[in-house]
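Inspection log for the structure reproduced underneath, given as structure tokens.
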Number of protein chains: 2
Amino acid sequence: MAGSTIYDIAKKAGVSIATVSRVVNNSDGIADKTREKVLKVADELGYYPQAYAQGLARKKKNIIMVVVPVLSNYFFMEVLAGIQDEISNYNYDLNIFNVQSNGKDNMFPQVKNIIKRQWADGYLFISTHLRDTELEQLQDYDMPITLIDESYPGMDSVSVDNEEGIEKAMNYFLENGLTRIAIISAMKTSKPGRKRIEGYEKALNEAGVTVEEDLIVTGDSMYRDGFSEQNGYEAMIKLLELPNPPQACFCTSDIQAVGAMKAMEEKGMEIPIIGYDDITISNYIGLSTIRQPMYDMGTLATKKLMKRMKNREAEPEHKVFAPELILRSSTEKEIKEKA
Amino acid sequence: MAGSTIYDIAKKAGVSIATVSRVVNNSDGIADKTREKVLKVADELGYYPQAYAQGLARKKKNIIMVVVPVLSNYFFMEVLAGIQDEISNYNYDLNIFNVQSNGKDNMFPQVKNIIKRQWADGYLFISTHLRDTELEQLQDYDMPITLIDESYPGMDSVSVDNEEGIEKAMNYFLENGLTRIAIISAMKTSKPGRKRIEGYEKALNEAGVTVEEDLIVTGDSMYRDGFSEQNGYEAMIKLLELPNPPQACFCTSDIQAVGAMKAMEEKGMEIPIIGYDDITISNYIGLSTIRQPMYDMGTLATKKLMKRMKNREAEPEHKVFAPELILRSSTEKEIKEKA
DNA sequence: GTAAAAAATGTAAGGGCTTACATTTCTAAT
DNA sequence: ATTAGAAATGTAAGCCCTTACATTTTTTAC
């Protein structure tokens, strides 16, 4: 039973392999009796077409592959939920391929090989943060790719205006008279990391506030690229131990903010804090945050990819979601006191 | 460039396809000049073997596939992190296949087809909760499968003694003089759901406490099979609106406990609560919980699978981790007051 | 009952790779 | 220079399917 092939079925059912193939694929033009007979044998022998043989013979694999560097992270999880729900509307299976980032700069070769190997009919890249020159190379392979949480002119993309998000958070603090604002960032050096810090500096500059390097911090723990409670915790400890601690804090992910909140509690010093993402938990722990529509990003990207697979010629589309400031208790008390 | 094959390389490099194959696969017995020449052409043409053709020609796919019903859930995420880290020690790629559960009983056919299609060299099943009769059928296909968070005599498995976990939580409450203990469960009807409730009832019975049906609740929101903050929130509201609310509460997942804690806060009624899992966030919000070593389960299961792939004959091994009661602030205040 | 049309089935050529075996080329010993 | 043996390369079959095209069987109309 282990490895019955189309030949086994054909032989046992007394038909040709073409007929078996037709029955299994539900092609029409098959006599009912034949169909039944074949189906019966196929069931007895536990037959179902081998994915690899089928993929080779057809051009199509009926697989959408999600390519992602860090699987275990809340942002990814939410986006994935959207993808998953949307894809269930189509006749495609979902495969997730995890590329190791190792902090190093070796992701591109892996990604390139995935494309070359032709695993799937279409790909969703989540936060791979490849360079434009690299994405350009991938285009040569003429595979439908939709980017999530990043963008590049030549490919469909779904992202969020990060700068706007940061600005909203910063302005909220500034409007409430808080000027010594810290930023807790993961991976200061990465491309998106730098972008966020730039946004932070820009907002301060526009408000005529001098940027203090001391207030730009990150934790030391780099597990999950720094997107962890621990990292936020460490960062906040650093901030609170400063001779002159900040009046408010912006965090580049909710998960870090959770750690930061614990640090504040332990130190007995509470400053208003705003996170980034709006993971479901944030609503339950009263964390103010910049909401990214992660789930919607997943569904929309999937839709775009499906569309692209049908029409390869259309101009690439870029959806940029506007982030939303969600205020909860983590920004309340203290600011009111100041007012 | 899009679809260069081994033939293109062979032609352009002036060698046979066998030689190209050897070069690409790093087989030895190839002259250095030839290797260089072929490699150069392969690079120019952006060649890399097609996964499907290779998988068909070899018996091996070099793929481990994780089969899981609900992707976006914290338990899964942690287990996956372990799998991911462990697998990076071997020359295997990781694929995740998501089977739709739809609450209905239709998962088995999907799982069966995955196995039949021979996607991978080995499989990790996480919380699929198939029946023994179903798993027995899968054995016929003679594929290495390791179960996580469930067990079956005929396959390797890695799980946690759920009953013991519940007992520990219940005993903690009971020893502290609390007897009216509620349980918030996801999916009362599922196999693991029922098991947990049984454990709960058993613990009460042994302590000579009558089970009150009112105290066994679940939320109404069934998103993610009930493993959500919202579900826990709803359940706790129900409990607190009882004429005679419970003195303590056990929750079958931390994520539900997060929702339950919010409900308590809103209602201004705080009772000691213990969750289940010990997701990383729990430590940061002071949630007492029963720790499942999720990460370790992932690594160990992966190791077992690799071992099994080498030796198909050995007796199946079953690792049952002992859950651990982790006490944090969510059980502190109130119990101390009572004492 | 016959012939033409329609339906059902079969044949065989790929799809892109690996690999056992055959062949050629090179090396080194005489 | 010759040749045995080693090293390098090539040939071709096979992995399991799909599908265009050819062939056979059944149906329909007269």
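- At the phosphate of dG10(C), OP1 or OP2 sits under 4.0 Å from a side-chain N or O atom of Thr19(A).
- No donor-acceptor distance shorter than 3.5 angstrom exists from the side chain of Asp156(A) to the backbone of Thr146(A), with no hydrogens or angles considered.
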Subject >> Criterion ring-ring contact (aromatic ring centres under 6.0 Å, His included) on Tyr74(B) and Tyr74(A), from CA distance to verdict >> reply: CA-CA 9 Å; Tyr74(B) 297 77; Tyr74(A) 297 77; 5.2 Å; yes
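- On a pure distance criterion of 3.5 Å, a polar donor-acceptor pair joins the side chain of Arg22(B) and the base of dG10(D).
- A straight line from NZ of Lys33(A) to P of dA8(C) spans 10 Å, rounded to a whole angstrom.
- At dT18(D), one or more side-chain N or O atoms of Gln54(A) fall inside 4.0 Å of OP1 or OP2 (strictly under the cut-off).
- Ranking dA8(D), dT9(C), dT11(D) by closeness to the Ala31(B) side chain, first place goes to dA8(D).
- Taking only distance into account, the side chain of Tyr7(A) meets the base of dC17(D) through a donor-acceptor pair shorter than 3.5 Å.
- For Ser16(A) and dG10(C), the shortest distance from a side-chain N or O to OP1 or OP2 is below 4.0 Å.
- Residue Tyr47(A) places at least one side-chain N or O closer than 4.0 Å to OP1 or OP2 of dC17(D).
- When the P atom of dA12(C) is taken as reference, atom CD1 of Ile6(A) falls 16 Å away, rounded to whole Å.
- Ile17(B) has its CD1 atom 9 Å from the C1' atom of dT18(C), to the nearest Å.
- Residues Ser159(B) and Glu150(B) bring no donor and acceptor atom of their side chains to less than 3.5 Å of each other.
- In this structure, Thr5(B) reaches the sugar-phosphate backbone alone: every heavy-atom distance under 4.0 Å involves primed, P, OP1 or OP2 atoms, never a base.
- Atoms CG (Leu56(A)) and C1' (dT18(D)) sit 10 Å apart, rounded to a whole Å.
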**OP:** Quick one: do Glu86(B) and Tyr90(B) satisfy side-chain hydrogen bond (donor to acceptor under 3.5 Å, both in side chains)? Show the steps, please.
**Re:** CA-CA 8 Å; Glu86(B) 178 63 26; Tyr90(B) 308 87; 2.9 Å; yes
